[in-house]
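Written below as structure tokens is the structure these notes are about.
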Amino acid sequence: MQQGPLNMQVSGYGELRSKYTRFLTANHQAQVEQVVLRPGARVTKDDIILRLSNPSLEQQLNRARLALARQRANFEALKLAQQSEQLTAQGNLTLLKSELAGAKLRAQAV
């Protein structure tokens, strides 16, 4: 008897199964739009397995984006109106100062 490597090859039919089973869950109802990774593929923590779609959630997202855009536009409009009022007030103040200086000069001349 000799000691050494033993090379053997065995063929057979069967099905391999994972030792662990994980169920995929989602927070909302959705339809499977695309299967990115098939059963048996190696996955890591951040891999996308399925792409789901939910038209009502997409519609809510679009409404929220539109509302945000409206609010931003309103904010910009208010900011511009405030700047305009500030410039008008500064112009009026400058006019009043010049009128005061003119009145003081007239008062000194008399």
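The structure displayed is predicted, hence computed values, not measured ones.
In the hydrophobic clustering of ILVMFWY residues, with side-chain heavy atoms under 4.5 Å counting as a link, Ile48 and Val43 come out together.
Summarising the geometry of Asp47 relative to Leu37, their closest heavy-atom pair is CB-CD1, 4.0 Å, with the distance given to 0.1 Å. Nearest approach of Arg106 to Glu99, heavy atoms of both residues: NH2-O, 4.5 Å.
The local environment of CD in Gln90 is crowded, with over 12 non-hydrogen atoms from other residues, nucleotides or ligands closer than 6.0 Å. More than 12 heavy-atom neighbours from other residues, nucleotides or ligands sit within 6.0 angstrom of CD on Gln83. Shown here is Gln82, whose CD atom has no more than 12 heavy atoms of other residues, nucleotides or ligands within 6.0 Å.
Within the model, atoms CG of Asn62 and CG of Leu57 stand 11.0 Å from one another, a figure rounded to the nearest 0.5 Å. Going from atom CG of Leu96 over to atom CG of Asn92 covers 6.5 Å, rounded to the nearest 0.5 Å. Summarising the geometry, atom CG belonging to Leu93 is positioned 11.5 Å from atom CD belonging to Gln86; distances are rounded to the nearest 0.5 Å. Atom CG of residue Leu52 and atom CG of residue Asn27 lie 11.0 Å apart, to the nearest 0.5 angstrom. Gln71 contributes atom CD, which lies 10.5 Å from atom CG of Leu66 (distance to the nearest 0.5 angstrom).
At a threshold of 4.5 Å between non-hydrogen side-chain atoms, the residues Leu50 and Val35 count as touching. Between Leu68 and Arg65, the closest side-chain pair of non-hydrogen atoms is not below 4.5 Å.
Judged by distance alone, the side chain of Ser84 and the main-chain N or O of Leu80 form no donor-acceptor pair under 3.5 Å.
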